[in-house]
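Worksheet for the structure shown next.
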Protein chains: 4
Amino acid sequence: MVNDKKKPSDKHRRIIEAALKVFAKNGFYNSKVSEIARAAGVADGTIYLYFQNKDDILISLFEEEMQGVLDQVNLAVGQETDPAKKLERFALAHLSLVEQNQEMAEIIQVEVRQSSKFMRGYANIKFQEYLNIISGIIKEGQALGVFRADIKPGVAKRAFFGALDEMSRYWVLSTARKYSITAAAQEISRFFLEGIQERKP
Amino acid sequence: MVNDKKKPSDKHRRIIEAALKVFAKNGFYNSKVSEIARAAGVADGTIYLYFQNKDDILISLFEEEMQGVLDQVNLAVGQETDPAKKLERFALAHLSLVEQNQEMAEIIQVEVRQSSKFMRGYANIKFQEYLNIISGIIKEGQALGVFRADIKPGVAKRAFFGALDEMSRYWVLSTARKYSITAAAQEISRFFLEGIQERKP
Amino acid sequence: MVNDKKKPSDKHRRIIEAALKVFAKNGFYNSKVSEIARAAGVADGTIYLYFQNKDDILISLFEEEMQGVLDQVNLAVGQETDPAKKLERFALAHLSLVEQNQEMAEIIQVEVRQSSKFMRGYANIKFQEYLNIISGIIKEGQALGVFRADIKPGVAKRAFFGALDEMSRYWVLSTARKYSITAAAQEISRFFLEGIQERKP
Amino acid sequence: MVNDKKKPSDKHRRIIEAALKVFAKNGFYNSKVSEIARAAGVADGTIYLYFQNKDDILISLFEEEMQGVLDQVNLAVGQETDPAKKLERFALAHLSLVEQNQEMAEIIQVEVRQSSKFMRGYANIKFQEYLNIISGIIKEGQALGVFRADIKPGVAKRAFFGALDEMSRYWVLSTARKYSITAAAQEISRFFLEGIQERKP
DNA sequence: CATGAATGAGCTTTCATTCAT
DNA sequence: AATGAATGAAAGCTCATTCAT
């Protein structure tokens, strides 16, 4: 009864979700607005009551989904106190989200990257925020003396994210899944935390 | 008299180079064939004497440039014998090539990734070969006992490449260059080889 | 108020009629879709809401007009019982239709003949039906014993149609009309029915 | 030895013959000049040393081949004195030529008819001459009193030619040949000469 | 709010023709 | 005479966007 009537832009949601599927399947430039409309069960013109243009669908889609990703990853990371554990949690959360929402993962990896270059005035703040979760953890670790002080967080965040992302790409594109998410997250975190060299005992 | 013979397919080269610039500037889908033709100093129709269609320009561009990359990186890596040094060389060569040919780097990162998904029957063998240089080095290191035996080369190659690639993206997109290539290559290799954790003495 | 409902696909009709004029004037291959659009008073793109492509315009045009022709000729022929009279009626109806709709006649004679050879999978059933009106009459006459039993209807239908058609071509192409439709229909029917030889008394 | 060196425009001939095949296969508008060149074993540009343009190839092809047809048919007809026999000879010669050179027959029926409408200032005199062989025979027959005096030769020539031509079309397009040439020529001539009506004895 | 028919700018690609060699 | 690489105008078709209903 409290929230009985709240369907704020049901159409908006349906369009976003339709666009998610369509963009993931065909790519942004090969997707037609009319196909999104059909998938969403609305008329072509209706799209333009909720979005300014085709670009805007992609950007809105990204922004909205990315906010959810940020929230979930922050939540997961917040459950640990040890920076090393936090990084492992980050990896696990990231790969889990990729697994749960492959379509979104494909779009972020391919379309947004591609499009953010060509869409006027789109700064992609959300992605910066996401990377800064990593650099935040690293700085924390450095402050605690558990991570090397000479590490540059701005470089390390990219290296760590890049490793995860390239792994995800392989994940998303290949049909056969060889490893468990948990195992993969641990493995990549370990590369990053301990390196691959054999320790001389 | 020494060099009497005409350069074979001078036009082919000019079109590839024009496409490189145009695709890097506008992205594949926002580039017009006529713009490539203009940039190459040929007529629109001439493009189609050398390439089957617009897609083919991108694929040819990638294949040809990528071969050069493979050759140069293999050469660089071959100058070392220590696997750890080889990885560092790989990183250095990769980042140097990105630096020297930013347009190509952008196209590989954005367009080819994007397009290879949607261009029917394009397997992107060259990229596989590139990644396998890394896994080759890792296997070598494992055989010599200098890299941990439990490392999965198929995962590690992606992690290492991903780290470099994400770094390159930042490089290419940001105008200000903060670090030297050499320093960055060493730093990323070190993450990978030694990890970021402080060693307890 | 009686006729409140909008004419369904008014545009379809207008495009067909515009195409009729344009194809007759320039021939199929020399006609531009944009010219048809202009003649129909619609935008270029509108054509493609009603027809799949340029070929489809020609085929649709033919099918629709030909159905009208079939109906009218069948009606005319049905008004006679004597097979000889029926053939004369056929000739008269055919030539009348040619006269009334010269543009359509030209298109059928030239474009459809030409195109049906090159348009994949176009069987031209309607034309078969048209010829079979003639062979039907002939068989009827043979059954009644008024036409020679050794006549092959499959050959005779082509001979009769060919005679009418060649006459029509002359008609359509020449500006000056020398004979009346009725006289011409009678004359050609008579060749066919009685031959041209002088009877020895 | 007498005529040992006479190869006047060997290329000209080769191009005509290549065009014959190519036009028959694809139709005039779907044929490429380069395909004719390839079929003739000459370079694209060479075509333009012998013909003004693509239209000119078709017209020349028609004119040259048609002259041969005229000569042969005139020869055949000239071997008879009886006008009725002459018409039968005409039919036989016509159908034989169609049979012997189906490619040419297709081109005359479809392409030349189509094109002569749209090629500026092409009067198609040769075709007139061909039809006039028939009207000549009819006038001769009328003068001798063996054909009815009220027959209009201008109409009859078209009716006779049309009957043969429609038959030929069927011939050329259908794969299965049901009747012998001789039988068909006789049959069609008989329609024309005697009609199809049963004679009351 | 919602519709979807209509628009028309803009793209890729083709191919007859030319001309330097 | 012969070549064939190069040209560039031209055309079919698509699809994001609009707007009358």
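A note on names: the letters A, B, ... follow the listed sequences, proteins ahead of strands, and every chain is numbered from 1. Hydrogens, waters and symmetry mates play no part in the numbers below; they use all other heavy atoms, side chains included.
Among the protein residues, C:F51 comes within range of no part of the nucleic acid, since none of its heavy atoms lies under 4.0 Å from any strand.
The nearest whole Å value for the distance from the NZ atom in D:K32 to the P atom in E:dT17 is 15 Å. Atom CD1 of D:I15 is separated from atom P of F:dA1 by 12 Å (rounded to the nearest Å). A straight line from CG of B:D10 to P of F:dA6 spans 9 Å, rounded to a whole angstrom. For B:D56 and E:dT12, the CG to C1' distance is 14 Å, given to the nearest whole Å. Look at OH on D:Y48: it is 9 Å from C1' on E:dC15, rounded to the nearest Å. If you take CG of A:L58 and C1' of F:dA16, they are 15 Å apart, rounded to a whole angstrom. Distance OH (A:Y29) to P (E:dG10): 16 Å, rounded to an integer number of Å. One atom, CD1 of D:I47, and another, P of F:dA1, lie 15 Å apart when rounded to the nearest Å.
Comparing A:L49 and C:L49 by the nucleotide of DNA chain E whose heavy atom lies nearest to each, the residue mapping closer to the 5' end is A:L49. Remark on DNA chain F: of its neighbouring residues B:T46 and C:T46, the 5'-side contact belongs to B:T46, judged by nearest-heavy-atom nucleotide. Of the residues near DNA chain F, D:V42 and B:V42, the one whose nearest nucleotide (by heavy atom distance) lies more toward the 5' end is D:V42.
With respect to the salt-bridge test (charged N to carboxylate O, under 4.0 angstrom), the residues B:R13 and B:E64 qualify. A salt bridge does not link C:E106 with C:K21: every distance from a Lys NZ or Arg NE/NH1/NH2 to an Asp or Glu carboxylate oxygen is 4.0 Å or more.
Between the side chains of B:Y29 and A:N30, at least one donor N or O lies within less than 3.5 Å of an accepting N or O.
At least one side-chain nitrogen or oxygen of A:K11 sits closer than 4.0 Å to the OP1 or OP2 atom of E:dA2. Note on C:K54: every side-chain N or O is 4.0 Å or more away from OP1 and OP2 of F:dA11. For C:Y50, a side-chain nitrogen or oxygen approaches OP1 or OP2 of E:dA6 to under 4.0 Å.
In this structure, the nucleotide among F:dA6, E:dA5, E:dC11 sitting nearest to the side chain of A:D44 is E:dA5.
A 3.5 Å limit on both hydrogen-bonding distances identifies F:dG8 as the Watson-Crick or G-U partner of E:dC15. Base pairing of F:dT21: its partner is E:dA2, meeting the Watson-Crick or G-U wobble criterion (both donor-acceptor distances under 3.5 Å).
Counting only distance, with no hydrogens or angles, the side chain of C:K126 and the backbone of C:E65 share no donor-acceptor pair below 3.5 Å. Using modelled atom types, no side-chain atom of D:K11 and backbone atom of D:A40 make a donor-acceptor pair closer than 3.5 Å.
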